[in-house]
Structure formats: C-alpha cells, structure tokens
Novice: 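Dropping a structure here in structure tokens format, bear with me for questions.
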Amino acid sequence: MEHHLIDEMIISTVPVTLGSGVRLFQAGFPEAKWNLHEVKAYDTGLVQMRWSLEK
C-alpha cells in the first residue's frame, strides 16, 4: 500500500469481541480514498467487503 501497488482489497470480518479491537493497518500508513463495491453477509456471521482504490 505504501508504494500504491494495491488497488483492490477484500476484507472479511468475524463477529468476535476483542476488547477495544485490533487495527487492520498500523498507524502512519499513508491515507487513501477507497470505494465500497460489495458486501456479503454469511450465515456464520462473517461479513466480506470488496473495496477498490479511488482514482
């Protein structure tokens, strides 16, 4: 991401309580604008999101 080599991400979340949460990216990563294209929810509780980098 730091070198702008990623233009799409599929991120899956599982509904588990982890206190204050877990960061997906460390602080200090360059900011970028992303567009949400698709969200799928599964019977297991998993939620999958497809994002693409805004150009």
Side-chain angles (χ1 to χ4, degrees):
M1 288 180 56
E2 172 176 6
H3 299 287
H4 307 285
L5 300 174
I6 298 173
D7 61 359
E8 183 175 86
M9 288 191 286
I10 297 175
I11 299 174
S12 299
T13 59
V14 180
V16 175
T17 303
L18 296 173
S20 61
V22 176
R23 290 185 68 96
L24 183 59
F25 304 105
Q26 297 299 319
F29 254 75
E31 288 190 25
K33 294 195 183 270
W34 292 84
N35 295 315
L36 179 62
H37 289 281
E38 184 177 18
V39 177
K40 291 182 185 176
Y42 296 89
D43 293 338
T44 60
L46 179 118
V47 176
Q48 193 172 64
M49 297 164 282
R50 186 172 64 89
W51 297 84
S52 69
L53 186 61
E54 186 175 292
K55 295 183 181 189

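Bear in mind the structure is a predicted one, so any value in this text is a computation, not a measurement. By convention here, the first residue in the shown sequence is residue 1.
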Novice: How long is the span from the CD1 atom in Ile6 to the CG atom in Leu53, to the nearest 0.5 Å?
Specialist: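 Spacing of CD1 (Ile6) from CG (Leu53) equals 9.5 Å.
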Novice: Compare all side-chain heavy atoms of Glu8 with those of Trp51 and state whether any distance is below 4.5 angstrom.
Specialist: no
Novice: Is there a path from Met9 to Val39 through hydrophobic residues (I, L, V, M, F, W, Y) whose side chains come within less than 4.5 Å of each other?
Specialist: yes
Novice: According to side-chain contact (heavy atoms from CB on, under 4.5 Å), who are the partners of Asn35, at least two apart in sequence or on a separate chain?
Specialist: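 With neighbours one apart ignored, the set is His37, Ser52, Glu54.
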Novice: I want to check something: taking the side chain as every heavy atom from C-beta on, are Val47 and Lys40 in contact at a cut-off of under 4.5 Å?
Specialist: no
Novice: For a side chain to side chain contact (heavy atoms under 4.5 Å, CB included) check, start with the C-alpha distance between Gln48 and Ile11, then their side-chain angles and the critical distance, and finish with the verdict.
Specialist: CA-CA 6 Å; Gln48 193 172 64; Ile11 299 174; over 6 Å; no
Novice: Can you confirm whether Leu36 sits close enough to Met49 that some side-chain heavy atom of one is under 4.5 Å from a side-chain heavy atom of the other?
Specialist: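 Yes; the side chains approach each other to less than 4.5 Å.
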Novice: Could you give all pairs that pass the salt bridge (charged side-chain N to carboxylate O under 4.0 Å, His left out) test and reach residues 25-34, with sequence neighbours left out?
Specialist: none
